[in-house]
2 protein chains.
Amino acid sequence: MVCCVRRNNYVILHRFCYKYTIMKNKRERLKVVSEILKFQVIGSQEELLKQLRKRGFEITQATLSRDLKALKVAKTPLSNGMYKYVLPPQIMPISDELASHNFTSHGAVLSLDFSGHLAIVKTRPGYASAIAWDIDNRATDEVLGTIAGDDTVLLIPREGVSRDKIIKVINHIFQEKN
Amino acid sequence: MVCCVRRNNYVILHRFCYKYTIMKNKRERLKVVSEILKFQVIGSQEELLKQLRKRGFEITQATLSRDLKALKVAKTPLSNGMYKYVLPPQIMPISDELASHNFTSHGAVLSLDFSGHLAIVKTRPGYASAIAWDIDNRATDEVLGTIAGDDTVLLIPREGVSRDKIIKVINHIFQEKN
DNA sequence: AATTTTAATGAAAATAAATGCATGGTTTGT
DNA sequence: ACAAACCATGCATTTATTTTCATTAAAATT
């Protein structure tokens with residue numbers, strides 16, 4: 001940006017337009033890809049492509065393959081025999097814009113408690129299903145399944161998963177900011 | 001496993017031999033695959049196959065694909081433009097219980113797993129209630145009750161009912177000819 | 001011991017994913 | 001502004017991976 005100071009108005013305008021037209025598409029697309037993969041179980045590029053089309057991105061599988069490579073997205077097998085594309089753990093910071101779409105990070109999760117090997121997540125009224133869905137999709141390794149009521153989620157940890165681990169995972173998924 | 005107590009020595013010996021002859025090959029192979037992936041950058045199954053051949057394992061790429069799936073090995077892009085197969089963070093024991101049973105014939109039932117004395121049935125979205133109803137009505141002897149969410153059924157077995165029994169019953173209920 | 005089930009596997013078919021090449025805009029340097 | 005170097009992308013193709021089908025050995029059941 002600093003370098004723009006040295007340039008004349010024409011060029012600055014030029015670059016401005018550029019950022020607004022071309023690059024934005026790719027960046028935006030990568031962001032959207034991240035968001036989709038963060039919250040959904042996607043097992044193939046074709047599948048992901050459909051999701052992107054829903055959101056107005058008209059690209060081919062070739063481009064998507066390159067995008068996934070750029071994002072370092074890995075394809076991993078799940079316990080249920082399917083596959084899932086997963087984002088790298090730490091590399092992708094969540095932008096504020098994206099975070100704002102994630103209503104769950106706005107305090108919908110109120111508490112987490114345990115009874116025996118079961119966990120109970122309390123949420124704001126009406127949020128339980130949404131929260132449960134997030135848990136299902138983002139903690140598949142630690143959580144066997146969830147059952148949601150209106151403001152309560154029953155969380156069944158996998159065998160051998162400690163309370164601490166559950167706490168950590170829930171915290172990670174629903175932490176206020178990233 | 002408890003059931004083995006009831007069996008005679010012949011059977012026990014028989015099973016022992018089995019584990020030692022056949023299974024050992026596969027288990028050994030999976031171990032070796034893990035070892036290789038732990039220390040080398042492997043970018044394709046063919047490449048890994050070569051390493052295995054070096055070590056005396058004569059299998060095809062199809063089998064390797066299955067092995068990698070069983071080990072939950074993910075293929076991830078590297079910064080240098082190549083790919084690498086990576087082991088999952090914590091090496092989890094493979095749920096043979098789950099792997100050995102297919103619920104796909106019914107379509108709506110995706111998986112069955114256990115945590116403590118509870119069982120979790122995963123279904124396609126929206127099917128949980130219907131599945132739970134079927135279970136309630138057709139497995140009254142084995143199942144105390146169920147609670148259904150949207151895509152998850154919490155199944156509470158009666159006291160003294162084994163996991164194996166539950167697996168069999170669920171399989172039986174949702175079996176369909178192809 | 002005979003019969004039925006289950007598990008592992010290879011071969012081949014079916015999918016899925018990666019890539020070479022070409023094209024059309026973009027940016028940079030002059 | 002012009003030329004050269006770039007980047008993002010689609011298309012076609014290649015390469016890679018997954019799955020289906022059939023077979024065989026092994027294990028459970030009767």
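All values derive from a computational prediction rather than experimental measurement. Below, read A as the first sequence line, B as the second, and so on, with proteins coming before strands; counting in each chain starts at 1. Values reported hereafter were calculated over all heavy atoms of this structure, with side chains retained and with hydrogens, waters and symmetry mates removed.
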Glu35(B): what forms a salt bridge (charged side-chain N to carboxylate O under 4.0 Å, His left out) with it, not counting sequence neighbours? Lys38(B)

With hydrophobic residues grouped by side-chain heavy-atom distances under 4.5 Å, do Tyr85(A) and Val86(B) end up in a single group?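 No, because Tyr85(A) and Val86(B) fall into different hydrophobic clusters, even though each may have its own neighbours under 4.5 Å.
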
Side-chain heavy atoms nearer than 4.5 Å, only ILVMFWY residues, links allowed to pass through others: does that put Val41(A) and Leu87(A) together?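 Looking at the clustering, Leu87(A) is in a separate group from Val41(A).
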
Provide the closest heavy-atom pair for [X] versus [Y] in the form atom of the first, atom of the second, distance.
| X | Y | result |
| --- | --- | --- |
| Lys72(B) | Pro88(B) | O-CD, 3.4 Å |
| Leu64(B) | Gln45(B) | CD2-O, 3.2 Å |
| Thr123(B) | Ala128(B) | OG1-N, 3.3 Å |

Quick one: [X] [atom1] to [N] [atom2], roughly how many Å, whole number?
| X | N | atom1 | atom2 | result |
| --- | --- | --- | --- | --- |
| Phe57(B) | dT9(C) | CZ | C1' | 15 Å |
| Tyr85(A) | dT17(D) | OH | P | 11 Å |
| Glu58(B) | dA11(C) | CD | P | 11 Å |

By nearest-nucleotide position on DNA chain C, the 5'-leaning member of Gln61(B) and Tyr83(B) is Gln61(B)

Between Ile59(B) and Lys75(B), which residue's closest nucleotide on DNA chain C lies nearer the 5′ terminus?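 Looking at DNA chain C, the more 5' nearest nucleotide goes with Ile59(B).
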
Pairs meeting criterion salt bridge (Lys or Arg N to Asp or Glu O under 4.0 Å) with involvement of residues 53-68 of chain B, two or more places apart: Arg29(B)-Asp67(B), Arg53(B)-Glu58(B)

Are Gln51(B) and Ile42(B) close enough that some pair of their side-chain heavy atoms sits under 4.5 Å apart?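 Yes, side chains in contact.
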
With respect to the phosphate group of dA8(D), does any side-chain polar atom (N or O) of Arg29(A) fall under 4.0 Å of OP1 or OP2?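 For dA8(D), OP1/OP2 do not have a side-chain N/O of Arg29(A) under 4.0 Å.
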
State whether Arg27(B) places a side-chain N or O below 4.0 Å from either non-bridging phosphate oxygen (OP1 or OP2) of dA8(C).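 Indeed not, no polar side-chain atom of Arg27(B) lies that close.
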
Contacts to DNA chain D from residues 41-52 of chain A, heavy-atom cutoff under 4.0 Å, which residues? none

Using a strict heavy-atom distance below 4.0 Å, which residues from residues 62-69 of chain B are in contact with DNA chain D? Ala62(B), Ser65(B), Arg66(B), Lys69(B)

Tell me if the CD atom of Glu46(B) is crowded by more than 12 foreign heavy atoms within 6.0 Å.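 12 or below, so no.
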
Got a list of side-chain donor-acceptor pairs under 3.5 Å for residues 145-157 of chain A, not counting sequence neighbours?
{"unit_1": "Thr146(A)", "atom_1": "OG1", "unit_2": "Asp136(A)", "atom_2": "OD1", "d": "3.2"}
{"unit_1": "Thr146(A)", "atom_1": "OG1", "unit_2": "Asp136(A)", "atom_2": "OD2", "d": "3.1"}
{"unit_1": "Asp150(A)", "atom_1": "OD1", "unit_2": "Gly126(A)", "atom_2": "N", "d": "3.3"}
{"unit_1": "Asp150(A)", "atom_1": "OD2", "unit_2": "Gly126(A)", "atom_2": "N", "d": "3.4"}
{"unit_1": "Thr152(A)", "atom_1": "OG1", "unit_2": "Lys122(A)", "atom_2": "NZ", "d": "3.0"}

Bend across the helix from dA1(C)-dT30(D) to dT30(C)-dA1(D), to 10°, with axes taken over 5 pairs at each end?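 Its terminal axes enclose an angle near 40°.
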
Distance from Leu52(A) atom CG to Glu47(A) atom CD, nearest 0.5 Å?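 Answer for the CG-CD pair, Leu52(A) versus Glu47(A), is 11.5 Å.
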
